[in-house]
Amino acid sequence: MFYREAGDFKTSYVEDGQTFPIKFDRYRYYAVLIAAFAVVPFIINDYWVNAVFLPFLIYSIAAIGLNILVGYCGQVSLGTGGFMAVGAYACYKLMTAFPEVNILFHVILSGGVTAAVCVLFGLPSLRIKGFYLAVATLAAQFFLVWLFNRVPWFYNYSASGQISAPERTVFGVPVTGAETAPWAAYLFCLVFTVLCAILARNLTRGMAGRKWMAIRDMDIAAEIIGVNPLRAKLTAFMISGFFVGIAGALFFAVYLGAVEVGEAFGITKSFLVLFMVIIGGLGSIFGSFAGAAFLVLLPVLLKNVLVGTLGWPTDLAAHLEFMIVGGLIVVFLIAEPHGLAQLWRVAKEKLRLWPFPH
Amino acid sequence: MKKTIFSAAVAAVMAAAPALADLTIVDTSYRTGPYAANGIPFSDGYQDYFTLLNQRDGGIGGEKINLIECETGYNTEKGVECYESTKGEGALVYQPLSTGITYQLIPKVSADGIPLHTMGYGRTSAKNGKVFEWVFNYPANYWDGASHAVTHILDQNDGDISGKTIALVYHNSAYGKEPIRTLEGLAEKHGFNLTLLPVDHPGQEQKSQWLQIRREKPDYVVMWGWGVMNQVAIQEAVNIRFPMENFIGVWWSGSENDVKAAGERADGYKALTFHNIGSDYPVYDDIQKHVVDTGNAAGAGDQIGSVLYNRGMYAAMLAAEAIKTAQEMHGTSVINAAQMRDGMENLEMTEEKMAAIGLPNFGPEFKVSCENHGGNGFGAVSQWDAEAGEFKLITEYFQSDQEVLAPLIEEDSMGFAEENGIELRCN
């Protein structure tokens with residue numbers, strides 16, 4: 001009923017293989033895109049952009065990046081915070097060293113730098129797997145944070161060790177710095193999020209993605225059927241690093257504007273993004289968005305309800321927030337270990353058959 | 001089109017704001033997280049003072065104070081969220097009590113036109129009002145603190161500390177790194193050696209740093225810590241039997257929370273301060289009568305008179321005095337953020353004023369001006385008396401070494417102005 005498929009015929013392989021094969025899904029997707037680009041920028045204000053939209057968009061990119069590595073290629077990584085820091089610091093160094101270059105290119109280049117660093121730390125993945133690899137990437141997390149704290153070159157020798165984003169513009173509109181209009185920051189991040197999602201979606205359903213999934217499911221079998229594990233694993237690290245680096249650059253330059261590496265890119269950030277991926281659903285682009293939305297929006301919503309509406313003490317609300325979010329995570333993972341994406345997938349299946357289930 | 005809708009929305013919010021509240025003050029507190037032990041007393045003091053003004057005097061200049069609390073957890077992202085969610089309510093001033101959040105907010109408040117008061121923390125070079133129009137850090141800043149510690153050590157050694165070694169144990173963040181530049185300048189001037197020992201957030205792990213101190217035996221240890229880091233450092237110092245009177249913490253490392261855990265042996269530990277200590281002031285009788293006894297005390301109400309409670313109250317008192325100044329200047333009792341800024345810029349704290357409030361000799365006298373947003377840099381040294389269970393002031397208020405600090409502040413703030421294309425004020 002809700003998902004009418006009657007009359008939705010496919011007459012070619014291209015049509016059959018599209019991202020949203022069901023018409024209803026496809027139109028919903030277009031509607032979301034139109035709303036995101038043409039409606040939200042007009043009604044957005046400082047609060048919504050800084051508390052809700054920017055973190056959601058930026059964490060979505062990071063979650064997509066990590067999902068490629070963990071969800072699609074099966075390489076557990078706890079180094080996301082450190083890699084985001086690489087993106088942020090690369091962006092900072094580029095912004096200050098080449099002020100005449102457009103910030104768009106700096107963000108993309110920061111992704112490239114992070115991809116290179118990520119490949120470097122991905123090398124152990126050729127020998128070790130699972131928990132051992134998680135520990136190796138954990139080392140990357142601590143090493144990178146230590147490095148950015150230790151070497152003054154990275155923060156241009158500033159007294160406090162903080163990096164802060166100078167004002168940069170796109171088509172004459174500032175997108176970083178204090179004078180940024182909410183809609184400009186939002187659109188800037190939205191463009192990156194949409195492009196990253198489309199890129200990731202197409203990579204994961206192409207040859208590269210099939211190789212990753214083969215490695216994830218059984219690496220020896222994959223090798224026998226002709227997948228080069230070295231290339232598959234390292235490309236996964238590279239692509240993942242690229243996305244995570246872009247997320248880090250946007251997180252620093254557009255969202256926060258000033259960053260202290262230990263505080264902003266500490267181990268908690270790695271866990272946060274990993275939780276997003278797990279709750280959202282491993283191996284799903286939609287899951288990355290769902291997970292980011294869950295972990296970004298829920299605390300803000302709870303805070304507004306508990307403190308804003310009910311008027312409870314802030315410390316009580318903060319503690320309750322931890323308990324509720326934590327509890328929900330546990331419940332979710334017990335009820336649906338494959339995350340929100342799987343929940344959605346099942347719901348969709350049911351809706352397609354409704355009201356006549358088998 | 002986009003702009004008109006947006007500015008119409010902003011105008012609607014602006015028009016609605018004054019009707020919402022009288023004088024809105026935001027307390028961006030942290031009662032959770034690794035720094036909660038220090039965040040709670042500060043926030044309690046901050047709130048209790050405003051509650052006192054509401055209960056006893058009916059607010060300031062006849063206007064009630066509308067206090068909004070927002071929990072940051074010492075986390076910069078949450079701090080930004082708090083700022084964005086409260087600024088529309090007509091907040092007069094922000095005091096985030098976190099250097100990280102301060103750095104986030106400096107560009108934002110400058111764009112939004114809301115004053116930021118970072119008392120004894122934040123960006124030191126914000127003292128230069130020519131560059132930082134909306135940021136204030138009176139009565140003292142980190143670099144003053146670094147200088148106070150060295151001056152105190154100089155006094156102990158008859159003015160000669162060449163060849164001595166001072167170790168700086170610091171929180172490895174913007175906050176902890178802030179004094180390094182000054183200490184390097186002072187080391188050059190006075191000829192002492194400086195050893196830098198960073199401790200990573202949140203600071204429980206300090207074994208290797210104290211092992212190094214034990215091995216190298218520096219003559220003095222200066223500490224820039226916050227939260228759990230302080231407790232651990234003092235405990236470690238006790239463990240290696242470092243002479244406590246040679247161990248000096250900055251003002252953020254000198255509360256009861258920090259020393260009590262280490263027990264008797266912490267006796268003699270020194271900490272800097274820029275306000276007085278204890279609860280032997282007339283204003284505390286009023287707080288007891290109007291706030292505690294009426295059941296309006298913030299938090300659990302068990303922090304009254306502690307060092308950080310006093311500091312929170314002092315911060316609130318300075319804000320209240322700035323509001324009074326602004327009300328007098330503009331001839332209106334309902335002031336906005338821009339008028340509040342004028343009030344802060346023309347604030348003058350004198351002994352008579354403080355005595356009239358019920359806090360005689362509580363803090364140093366200072367005067368804020370257009371060029372100088374940081375006061376005169378007076379501070380004192382306090383010492384922990386384990387037996388009495390309290391800190392005691394052991395020196396008078398003395399001024400920091402302006403000869404070393406002034407050029408550093410000039411250099412750093414001018415760098416900021418150049419980076420951000422800021423035109424200098426106060427001409």
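Throughout, protein chains are lettered first and strands after them, A, B, ... in sequence-line order, and every chain is numbered starting at 1.
Note that the CD atom of Gln162(A) and the CZ atom of Arg123(B) stand 9.0 Å from one another [nearest 0.5 Å].
Residues of residues 38-46 of chain B lying under 4.5 angstrom from chain A, judged on non-hydrogen atoms, do not exist.
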Passes side chain to side chain donor-acceptor pair (under 3.5 Å), Glu263(A) versus Tyr74(B)? Steps please.
CA-CA 10 Å; Glu263(A) 213 264 329; Tyr74(B) 200 74; over 6 Å; no
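Shown here are the salt bridge (Lys or Arg N to Asp or Glu O under 4.0 Å) partners of Asp315(A), two or more places apart in sequence or in another chain: there are none. Scanning for salt bridge (Lys or Arg N to Asp or Glu O under 4.0 Å) contacts around Glu321(A) gives an empty result, with sequence neighbours left out.
Heavy atoms closer than 4.5 Å to chain A are found in both the backbone and the side chain of Ser173(B). Neither the backbone nor the side chain of Tyr142(B) has a heavy atom closer than 4.5 Å to any heavy atom of chain A.
A heavy-atom distance below 4.5 Å is found between the side chains of Leu256(A) and Gln104(B). At a threshold of 4.5 Å between non-hydrogen side-chain atoms, the residues Ser158(A) and Lys177(B) do not count as touching. Looking at Glu179(A) and Ser110(B), their side chains never come closer than 4.5 Å, going by heavy atoms from C-beta outward. Considering only heavy atoms from C-beta on, Lys108(B) comes within 4.5 Å of Asn50(A) through its side chain.
In summary, the side chains of Glu81(B) and Tyr47(A) do present a donor paired with an acceptor at a separation below 3.5 Å, with no hydrogens or angles considered.
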Compile the donor-acceptor pairs under 3.5 Å between side chains in residues 165-172 of chain A and protein atoms, sequence neighbours left out, one pair per line.
from: Arg168(A); atom 1: NH2; to: Met95(A); atom 2: O; distance (Å): 2.8

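Annotation for Glu188(B): atom CD does not count as buried by contact number, only 12 or fewer foreign heavy atoms lying within 6.0 Å.
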